[in-house]
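Working notes, beginning with the structure itself.
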Amino acid sequence: MANTSVERYKLVAEALIAAKRYKDTHRREFISESDWYDWQHQSFTSDKQQTMLMAANRSGKTMSAGYHFGVDLTGDYPDWWKGETFRHPVDCVALGVDNMQLKDVVQAELFGDVIDKQFTGGWVHPSEIINVEWSPQTVALARRVTLRSKFGTSHVTLRSYTQSKTGQATLSFAGTSKDIIWVDECPPDQLVGQLVMRTMTGRKGKGGVIRYTMTPELGVTKLVHSFMDE
């Protein structure tokens with residue numbers, strides 16, 4: 001009898017551990033419509049080609065932008081989704097301030113932590129990742145991630161502002177057409193025009209989208225002014 005009880009408890013413990021592991025690696029499945037604020041839903045449903053989430057630190061702007069990016073990359077939209085849906089695989093860029101911020105914030109939000117060169121899971125599940133090209137400069141930072149979409153194979157390139165000689169047509173992804181560019185924190189003003197150029201023919205010719213998430217720590221830059229006053 002005692003052994004039977006021990007085995008039962010062992011099975012229950014294993015089931016609980018497996019359930020937690022699944023939840024940790026399939027984050028997107030456990031988010032609901034009510035988990036988001038109204039201003040986050042407004043960003044989800046915006047039909048503008050450029051949007052900005054400007055808010056205080058730790059307010060959820062990066063989290064919701066990462067989720068939005070994740071469902072677009074995978075084509076796995078929830079039943080409650082009212083925004084645009086991409087019905088094709090997408091080619092995207094995620095930009096951060098520097099390599100460490102890119103890794104610790106943007107990459108972690110999208111793909112989770114890195115253990116033995118494997119992602120633990122963020123808004124994109126580990127099982128959806130096909131291939132990762134790693135940065136030669138920064139340990140555990142991806143340069144490009146290829147993943148499964150419901151519509152084919154999507155790609156996301158991760159870059160920092162410090163890797164771009166802005167204003168000189170020498171972006172590391174210059175000459176390419178992008179469907180979505182996510183920019184976390186305020187970029188140099190001279191970079192913005194190049195981002196617009198890279199999205200001009202995205203979304204099957206409709207024009208790609210640029211999404212900014214930032215706390216305005218640099219004050220009223222030209223980009224901030226264009227959203228707040230124009």
Query - Co-membership, hydrophobic cluster, residues V145 and V114, 4.5 Å side-chain - result: yes

Query raised in the report: Are K178 and D91 ion-paired here, with the side-chain N under 4.0 Å from a carboxylate O?
Result: yes

Report task. Nearest 0.5 Å please: distance from the CD1 atom of I181 over to the CG atom of L195. Result -> 4.5 Å

Report summary line: Residues A56 and S59: closest non-hydrogen pair is O-OG, 2.7 Å

Requested in this report: Can you label the angle between the F44 ring and the Y67 ring as parallel, tilted or perpendicular, going by 30° and 60°?
Outcome: tilted

Query - Atom pair OG1 (T221) and CG (D189), whose distance is rounded to the nearest 0.5 Å - result: 4.5 Å

**Report entry** Residues forming a salt bridge (charged side-chain N to carboxylate O under 4.0 Å, His left out) with D24, sequence neighbours excluded
**Finding:** K20

Query raised in the report: Other than M197, what residues sit in its cluster of Ile, Leu, Val, Met, Phe, Trp and Tyr side chains whose heavy atoms are under 4.5 Å apart, directly or through others?
Result: M200

Query - Hydrophobic cluster membership, L73 vs I130, 4.5 Å side-chain cutoff - result: no

Report task. State plainly whether one hydrophobic cluster holds both M214 and V105, where clusters connect Ile, Leu, Val, Met, Phe, Trp and Tyr through side-chain heavy atoms under 4.5 angstrom apart. Result -> no

Query raised in the report: In terms of heavy-atom contacts, does CZ of F30 have more than 12 from other residues, nucleotides or ligands at under 6.0 Å?
Result: yes

Query - T215 and N57 side chains, donor-acceptor separation under 3.5 Å - result: yes

Query raised in the report: Can S160 and N99 be said to form a side chain to side chain donor-acceptor pair (under 3.5 Å), step by step?
Result: CA-CA 6 Å; S160 69; N99 280 356; 3.3 Å; yes

Query raised in the report: Just how far is it from atom CG of L95 to atom CG of L158, taken to the nearest 0.5 Å?
Result: 8.5 Å

Query - Where G66 and L110 come nearest, the two heavy atoms and their spacing - result: O-CD2, 3.7 Å

Using residues 120-128 as the side-chain source, report each donor-acceptor pair under 3.5 Å to any protein atom, sequence neighbours left out, with the distance given to one decimal.
| residue | atom | partner | partner atom | Å |
| --- | --- | --- | --- | --- |
| T120 | OG1 | D113 | N | 2.9 |
| T120 | OG1 | D113 | O | 3.4 |
| W123 | NE1 | M63 | O | 3.2 |
| W123 | NE1 | E109 | OE2 | 2.9 |
| E128 | OE1 | R28 | NH1 | 3.1 |
| E128 | OE1 | H125 | N | 2.9 |
| E128 | OE2 | R28 | NH2 | 2.7 |

Query - Path from F111 to M100 over hydrophobic side-chain contacts below 4.5 Å - result: no

Report summary line: For D179 and K204, the nearest pair of non-hydrogen atoms, with its separation, is OD1-N, 4.3 Å

**Report entry** With sequence neighbours excluded, residues passing salt bridge (charged side-chain N to carboxylate O under 4.0 Å, His left out) with K222
**Finding:** none

**Report entry** Closest heavy-atom pair and its distance - I129, F119
**Finding:** CD1-CD1, 3.6 Å

Requested in this report: Check step by step if side chain to side chain contact (heavy atoms under 4.5 Å, CB included) holds for R143 and T157.
Outcome: CA-CA 6 Å; R143 288 170 53 90; T157 300; over 6 Å; no

Query raised in the report: Do we see a donor-acceptor contact under 3.5 Å between the side chains of T146 and N131?
Result: no

Query - Non-neighbouring partners of K23 that pass salt bridge (charged side-chain N to carboxylate O under 4.0 Å, His left out), sequence neighbours left out - result: none

**Report entry** Spatial distance of atom OG1 (T85) from atom CH2 (W81) [nearest 0.5 Å]
**Finding:** 9.5 Å

Report task. Would you list the pairs meeting salt bridge (Lys or Arg N to Asp or Glu O under 4.0 Å) in which at least one residue belongs to residues 33-46, sequence neighbours left out? Result -> E33-K82

Report task. Would you sort out whether L191 and Y161 count as a side chain to side chain contact (heavy atoms under 4.5 Å, CB included), showing the intermediate values? Result -> CA-CA 8 Å; L191 178 64; Y161 312 151; 4.1 Å; yes

Report summary line: Sorted by chain and residue number, the side-chain contact (heavy atoms from CB on, under 4.5 Å) partners of Q118 (sequence neighbours excluded) come out as none

**Report entry** Listed partners of F151 passing side-chain contact (heavy atoms from CB on, under 4.5 Å), at least two apart
**Finding:** R87, P89, S149

Requested in this report: For Y77, check side chain to side chain donor-acceptor pair (under 3.5 Å) against everything at least two apart and list the hits.
Outcome: D72

Query raised in the report: For L141, does its backbone N or O pair with a side-chain atom of T138 as donor and acceptor, under 3.5 Å?
Result: no

Query raised in the report: What are the two closest non-hydrogen atoms of F69 and A94, and how far apart are they?
Result: CE2-CB, 4.2 Å

**Report entry** Validation row: K150, D76 side chains within 4.5 angstrom (heavy atoms)
**Finding:** yes

**Report entry** With sequence neighbours excluded, residues passing side chain to side chain donor-acceptor pair (under 3.5 Å) with T213
**Finding:** W182, D184

Query raised in the report: Residues two or more places apart in sequence or in another chain: which of them pass salt bridge (charged side-chain N to carboxylate O under 4.0 Å, His left out) with E133?
Result: none

Query raised in the report: Applying side chain to side chain donor-acceptor pair (under 3.5 Å), which residue pairs with at least one partner in residues 40-51 are found, sequence neighbours left out?
Result: Q50-Y212

Query raised in the report: What distance do L102 atom CG and Q107 atom CD have between them, rounded to the nearest 0.5 Å?
Result: 7.0 Å

Query raised in the report: When clusters are formed by joining ILVMFWY residues with side-chain heavy atoms under 4.5 Å apart, either directly or through shared neighbours, do F227 and M54 land in the same one?
Result: yes

Query raised in the report: Which of these, V183, I180, V192, sits in a side chain to side chain contact (heavy atoms under 4.5 Å, CB included) with I210?
Result: V183

Query raised in the report: Rounded to the nearest 0.5 Å, how far apart are OG1 of T74 and CZ of F86?
Result: 12.0 Å

